[in-house]
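Report on one structure; see the data block that follows.
Residue numbers run from 1 in the order of the sequence given. Atoms considered below: every heavy atom in the structure, side chains included; atoms not considered: hydrogens, waters and symmetry mates.
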Amino acid sequence: MAPRTSPEISGMGHSMKRKEDPRFLRGQGRYVDDIVLPGMVFMDIVRSPFAHAKITKIDTARALKVPGVLAVITGETLAKFNLHWMPTLMSDTQMVLPTEKVMYQAQEVAAVIATDRYAAADGVEAVEVSYDPLPVLVDPFKALEPGAPVLRTDKKGKTDNRIFHWEAGDRQGTDAELAGSEVVVKQDLYIPRIHVSSIETCGCVADFDRAQGKLTVYMTTQAPHAIRTVFALVAGHVGLSEERIRIVSPDIGGGFGGKVPVYPGYVIAVAASVVLGKPVKWIEDRMENLQADSFARDYHISAELGAKRDGTMTALRIKTIADHGYTDAAANPSKFPAGLFSICTGSYQLGHAFAEVDGVYTNKPPGGIAYRCSFRVTEAVHAIERLTDILAHELGMDPAELRFKNFIPPESFPYHSALGWDYDSGNYAAALRKAMDRIGYAELRKEQAEKRARGELMGIGISSFTEIVGAGPSKQFDILGIKMFDSCEIRVHPTGKAIARFGTKSQGQGHETTYAQIVAEELGIPAAHVQVEEGDTDTAPYGLGTYASRSTPVAGAAGAVAARKIRDKARKIAAHLLEVAEEDLVWEPGKFSVKGAPQRSKTIQDIALAAYTNHPQGMEAGLEAVSYYDPPNLTFPFGSYICVVDLDRGTGEVKIRRFVAVDDCGNIINPMIVDGQIHGGLTMGMAPALLEEISYDEDGNIQGGSFMDYLLPTAMETPSWETDKTVTPSPHHPLGAKGVGESATVGAPPAIANAVVDALWHLGVRNIDIPITPEKVWRILHEKGVAE
């Protein structure tokens, strides 16, 4: 979209430098661990070495003798106040501290409060816990077997380990269509458990003011208002009602979905502050973060795709087992963990589809949360894009040709998918064609054939994905029953400067800049003169937070709507000042002028002053508005990625030679920020494709619980990403924007996997589950007799 405002105003379409960066570059960011309050004490947590065990005794005597230790809190301590259990954000429950048994390795067992962090750590070492081990279930298939031990015995009447069964689509029609299809490809896929591994771990400072009866919690949360509501539900019976709770989320060093849940450490710190009357700080270390916080993925997928001999896709059937650990961070399947998986029909016209997901309890830490993706969209895209490539190879068609043949055409939008979504807009063929032209696709295929004749292994992988973002439509989404609108409050001061407060919370996405540019676009107030605030429940309007790429699609829309309300009032004031009728005024960013007499005008600054000094009789003073935006639909960004890999026949190493990413996120607010989001997302997409995995042995011991074992990409492993864009505006969004923060993590893994399998298909390799490590490739090369 061509920019409609000047660079001086810096509205939409301009690569304005980020307003928040100067303080970060100067080391002036303010994170939770930077907060120091008078009299503050410190908390550390005792964690279970067992994945499943009865607690027979907790002896705190030695710990209480450690110099500096003030208290030891156990489940029995919290049970006296009914604080030992709490709700998750999506309908399930979880322990704060156990009273009877532990359910996963590294679960919180007790907490030590001390005068400094070192004394607290010493106290943790001195707490003696006796356990009686119980049978461990880490395999979700075994957990579903008849006679398997029921893990959640706290749930009355629970007779198995199934959390939910969810399904969408036409089972009978799909079965019949697949039975009659000329070609059917089947594939089992496993997408392993991974962790967001943010630069900053989780933590909080809980400060209960006994004199005022008010609790303030500074914490690493992406959803401050939702967290406040959870705290009110947990602690309301002890006098902490919602108006007496303030959540402050300062700067956050990365979230990616991992800082959405309410972790037990937060609640324990609050309880300790209430009991001791002192501020309590808890900051987890890196191993705690990796071993105990919420995880993503862990999906076992069995998929079938039918087609005609000419490549026309006919039907898709997918059955999934979702391992959500001992408690579900998102247990309502119609909302996040399963519901969004139904985007699995992807970018293709499919007349019939059926998808089902079974959520399962196991002896693992809580699952079901995101990893910079819209809750199961990555898994859905991986399934359909892998199947599409398998089908292409089976039919002897070029993977690009097969995609072109089956893309939903632009004239079919809005498009109602076989699984019930209404895609807002798209031009998938244009994105793929642009990616092919950029990378030189035809020449690469020729090069691949020549190299294959020489025994070299080169692969080309395509991923043409459709995302689904902007969680918000109240007809489909809620958290704890609260509809997933989001909010903005804008106040224009008499001097024409503005403050805009939002219900979201940035973790590095550039909200202070992007939101200011939206206000600048709508009101003509320079973005530099718009102060953006988030993260304080005492000042921000109620919102549901930042995740699932909902900032621009929902909160950004709220900002645009609020600004337009202000502009409507400003028009009335301008008409009063210019002594003309409202319909005689013409708006251009920053001022109203009289039709046919452009020299007669009033700037937004003139109008702002008049709103406080010379507004029409009978009109309220001031120039401000608030919007709680409930979107009519989600938005559906999309893209086409092409990856070129070379495989080392001696080591099995996968070398990404080139990677072209063409994204379409509708109208773009700040191209530079979009590019940054895509580059970061591509690296986070490469990570699970080639490196990241957290697994457990049969006793529930975590494998990947430190950075010695859990591998993250560095600058050495990251290729030079090549990016480009198409622009297909969303017809229902006030700005035509769609959201882009998670697209690259959705599209990158199948592009890389498709490229590796493409390099090996002629050897009989049909699939390699991610992460595609050198060891996996090396073993395949040896099995096929082509290793050097």
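- For the residue pair Arg658 and Ile439, the shortest heavy atom distance occurs at NH1-O, 3.1 Å.
- The shortest side-chain heavy-atom distance between Val645 and Cys643 falls under the 4.5 Å cut-off.
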For this session: Tell me, with the steps shown, if Phe638 and Tyr423 meet ring pair (Phe, Tyr, Trp, His ring centres under 6.0 Å).
Result: CA-CA 11 Å; Phe638 60 91; Tyr423 294 16; 9.9 Å; no

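- Side chain to side chain, Ser302 and Asp188 meet the donor-acceptor criterion of an N or O pair below 3.5 Å.
- A salt bridge does not link Asp398 to Lys405: none of the charged nitrogens lies less than 4.0 Å from a carboxylate oxygen.
- Residue pairs meeting the salt bridge (Lys or Arg N to Asp or Glu O under 4.0 Å) criterion with at least one partner in residues 173-185, sequence neighbours excluded, are Asp175-Arg317.
- Ser417 contributes a side-chain N or O that, together with a main-chain N or O of Leu419, makes up a donor-acceptor pair within less than 3.5 Å.
- In this structure, Tyr299 and His324 have parallel ring planes: the angle between them is below the 30° cut-off, well short of the 60° mark.
- With Gln448 contributing its side chain and Met458 its backbone, the two residues share a donor-acceptor pair below 3.5 Å.
- In this model, a donor atom of one side chain and an acceptor atom of the other lie less than 3.5 Å apart for Tyr428 and Thr466.
- Residue pairs that meet the salt bridge (Lys or Arg N to Asp or Glu O under 4.0 Å) test with at least one member in residues 761-780, sequence neighbours left out, are Glu394-Arg766, Glu775-Arg779.
- Residues passing the side chain to side chain donor-acceptor pair (under 3.5 Å) test with Lys451 are Glu447, sequence neighbours excluded.
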Exercise. Val469 and Phe636: side chain to side chain contact (heavy atoms under 4.5 Å, CB included), yes or no, with the steps?
Worked result: CA-CA 6 Å; Val469 305; Phe636 295 79; over 6 Å; no

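- For the residue pair Asp424 / Ser730, a side-chain donor-acceptor distance below 3.5 Å is found, with atom types taken as modelled.
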Below 3.5 Å, can you tabulate the donor-acceptor pairs from side chains in residues 781-788 to any protein atom, sequence neighbours excluded?
residue : atom : partner : partner atom : Å
His782  : NE2  : Trp778  : NE1          : 3.0
Lys784  : NZ   : Leu763  : O            : 3.3

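- Put simply, the side chain of Gln517 does not reach to within 4.5 Å of the side chain of Met12, judged on heavy atoms.
- With contacts defined as side-chain heavy-atom distances shorter than 4.5 Å, the pair Arg445/Ile460 qualifies.
- No side-chain heavy atom of Trp721 sits under 4.5 Å from any side-chain heavy atom of Val660.
- For the pair Lys725 and Asp664, the salt-bridge criterion is not met [side-chain N within less than 4.0 Å of a carboxylate O].
- Pairs engaging residues 173-196 under the ring pair (Phe, Tyr, Trp, His ring centres under 6.0 Å) rule: Tyr190-His300, His195-Phe295 [sequence neighbours left out].
- Looking at Gln677, its side chain never comes within 3.5 Å of a backbone N or O of Glu742 through a donor-acceptor pair.
- In terms of the side chain to side chain donor-acceptor pair (under 3.5 Å) criterion, Thr552 has no residue partners (sequence neighbours excluded).
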Problem set entry | Stepwise side-chain hydrogen bond (donor to acceptor under 3.5 Å, both in side chains) check, Asn406 with Gln349 | CA-CA 6 Å; Asn406 289 283; Gln349 296 187 90; over 6 Å; no

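- Using a 4.0 Å cut-off between a side-chain N of Lys or Arg and a carboxylate O of Asp or Glu, Lys475 and Asp630 do not qualify as a salt bridge.
- Relative orientation of the Tyr348 and Phe407 rings is parallel, given thresholds of 30° and 60° on the angle between their planes.
- Ion pair Lys655/Glu717 not flagged as a salt bridge, since none of the NZ, NE, NH1 or NH2 atoms sits closer than 4.0 Å to an Asp/Glu carboxylate oxygen.
- Between Glu450 and Lys446 there is no salt bridge, since no side-chain nitrogen of the basic residue lies less than 4.0 Å from a carboxylate oxygen of the acidic one.
- A salt bridge is defined here as a Lys NZ or Arg NE, NH1 or NH2 lying under 4.0 Å from an Asp or Glu carboxylate O, and Asp724 with Lys434 meets this definition.
- Contact annotation: the side chain of Glu692 approaches that of Leu712 to within less than 4.5 Å [non-hydrogen atoms, C-beta and beyond].
- When each of Thr378, Val196, Thr745 is tested with Arg372 by the rule side chain to side chain contact (heavy atoms under 4.5 Å, CB included), just one qualifies, namely Thr745.
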